[in-house]
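Worksheet for the structure shown next.
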Amino acid sequence: MSDRLDLAIWLESQELSKGGQHDNERSQAFEQPGIQVHLNFWKLPDCNALDIGIVFPVLKDGKLNIFINTQNEIEVNDITQLLKRDVVINTIFNEFIKMTSCPKENSCITAERKSENSSDIFCLYCVANPIHLEKKFGGTVITFSIKNICNNECGCLSRYIRLRLTGDGIDKLYIKDKIPFSKIEYYTSKREFLDFRLNNARSLPRSLLDYSKNYPTLNKVRCFLMIESGDDLSLYNKNYKKVRAIEKENWSTYFEGVNPYIQSKESIFDILTSKGRKKNKAILAYQWNVEDPGPDFSLFTEIKHSEFSIRTGIFFLAVSSILKLVPSYGGDLIKYVWESLFK
């Protein structure tokens, strides 16, 4: 398996086929409409997750598919329901969203957002059927059915769904650099890389390309990388739009992984526990916005994480103390040990 994270998203529906052509009783998606994709990479020491939000056109009946190039365990949850709370959806989109119930009184919620230059209306669409996972094309395919449950009475032109991916397959998205710049970095820090590509035909398995034929145009991509403030984003292949510290009290209702970071009264014993040390740490959100990216989107970053812990400090102190006890050959021995450990 490649260390790169390859993701593909495509739609299947009779409405997208030309002339009713079929392949193995499956509609061919020849005319794929454009979609918007929102990505949230959560890279926290004890919690990794990938949230995928997709804005797709209204279809009477069909399927939405996501391919990820890993056969490791993945857990997929529909978290669209969380966005039906005002504080959560306004936090996620970082703008005011007006929500109203569908006239047909079903689970569909109409969301309207207005910016300086445009207005957008979409439905928060929760998956009615179980999400299907299948090991296929050398990776994992996530599939769920999409149906027009409100017959457009809500006035929406598109649907929005948000999924959360966790598990071993997500934990291993980041490539660990096994060759540090110096040996002291081996003990005090680590470097990890995120090499991500979305709908990049050159990176996807040939068998998948033959199956899906083509992929929807990406009208817009919003990508966020969430890391601790103590981590350093030292390399990236495209400039991010902005970076900010997230409002943890708002995000905690959306993602349980930020709960340990909620500020509270600091205790002298907090430094002894992982949860206590996180209380006053911020989570930084690096944001990449790409308008009309075309057929694919890619992102490459390097993250440097400091790991100098109390245990590491005690180790260095113990080594220094032992070396000081060595008599006549102490100087040469200290030099030898120092070079062995840190050069």
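The figures here come from the full heavy-atom set of this structure, side chains too, leaving out hydrogens, waters and symmetry mates.
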Full working for ring pair (Phe, Tyr, Trp, His ring centres under 6.0 Å) between His38 and Phe224: CA-CA 8 Å; His38 302 157; Phe224 293 84; 8.5 Å; no
Ring pair (Phe, Tyr, Trp, His ring centres under 6.0 Å) between Phe56 and Tyr160, worked out: CA-CA 7 Å; Phe56 55 94; Tyr160 185 85; 8.8 Å; no
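Salt-bridge check for Arg164 with Asp51: passed, with a basic side-chain N closer than 4.0 Å to an acidic carboxylate O. Salt-bridge formation is detected for the pair Arg222/Glu291: a Lys NZ or Arg NE/NH1/NH2 atom is positioned less than 4.0 Å from an Asp or Glu carboxylate oxygen.
Closest heavy-atom contact between Pro57 and Gly34: CD-O, 4.0 Å. Between Thr140 and Thr70, the closest heavy-atom pair is OG1-O, 2.6 Å. Between Ile131 and Asp78, the closest heavy-atom pair is CD1-N, 4.1 Å. The minimum heavy-atom distance linking Met226 with Ala285 is given by the pair SD-CB, 3.3 Å. The shortest heavy-atom contact between Leu198 and Asp296 is O-CB, 3.0 Å. Contact detail for Asp6 and Asn69: the closest heavy-atom pair is N-OD1, 2.9 Å.
Between Asn48 and Trp42 the shortest side-chain heavy-atom distance does not fall below 4.5 Å. The shortest distance between side-chain heavy atoms of Ile79 and Leu163 does not fall below 4.5 Å. The shortest side-chain heavy-atom distance between Lys63 and Ser13 does not fall under the 4.5 Å cut-off. Val55 is not listed as a side-chain neighbour of Ile35, based on a closest heavy-atom distance of 4.5 Å or more. In this structure the side chain of Leu39 never reaches within 4.5 angstrom of the side chain of Trp288, judged on heavy atoms. Under the 4.5 Å side-chain criterion, counting only non-hydrogen atoms from C-beta, Ile92 is in contact with Trp251. Between Ile161 and Phe144 there is a side-chain heavy-atom pair separated by less than 4.5 Å.
Donor-acceptor pairing under 3.5 Å is recorded for the side chains of Asn40 and Arg162. Between the side chains of Arg197 and Ser298, no donor-acceptor pair is found at a separation under 3.5 Å. With 3.5 Å as the limit, one finds no donor-acceptor pair spanning the side chains of Ser234 and Asp232.
For the pair Asn65 (side chain) and Ile9 (backbone), a donor-acceptor distance under 3.5 Å is absent. The backbone N or O of Arg202 lies less than 3.5 Å from a partner atom in the side chain of Asn200, making a donor-acceptor pair. Looking at Asn90, its side chain does come within 3.5 Å of a backbone N or O of Asp86 through a donor-acceptor pair.
Going from atom CZ of Phe41 over to atom CD1 of Ile170 covers 8.5 Å, rounded to the nearest 0.5 Å. In this structure, CZ in Phe96 is found 10.0 Å from CD1 in Ile89, a value given to the nearest 0.5 Å.
Of the listed residues (Lys281, Lys248, Glu228), just one forms a side chain to side chain donor-acceptor pair (under 3.5 Å) with Tyr261, and that residue is Glu228.
Atom CZ of Arg244 sits in a crowded spot, with more than 12 heavy atoms from other residues, nucleotides or ligands closer than 6.0 Å. Enclosure of atom CD in Glu249 by more than 12 non-hydrogen atoms of other residues, nucleotides or ligands within 6.0 angstrom is indicated. Lys98 NZ: 12 or fewer foreign heavy atoms inside a 6.0 Å radius.
By the criterion of side-chain heavy atoms lying less than 4.5 angstrom apart, applied directly or through intervening Ile, Leu, Val, Met, Phe, Trp or Tyr residues, Leu235 is not grouped with Leu299; the two fall into different hydrophobic clusters. Connection of Ile303 to Tyr240 is established within a shared hydrophobic cluster, with ILVMFWY side chains joined at heavy-atom distances below 4.5 Å, either directly or through further cluster members.
Under the rule for a ring-ring contact (aromatic ring centres under 6.0 Å, His included), Tyr174 has no partner lying at least two apart in sequence or in another chain.
At least one cation-pi condition fails for Lys241 and Tyr286: the charged atom is not both under 6.0 angstrom from the six-membered ring centre and inside a 45 degree cone around its axis.
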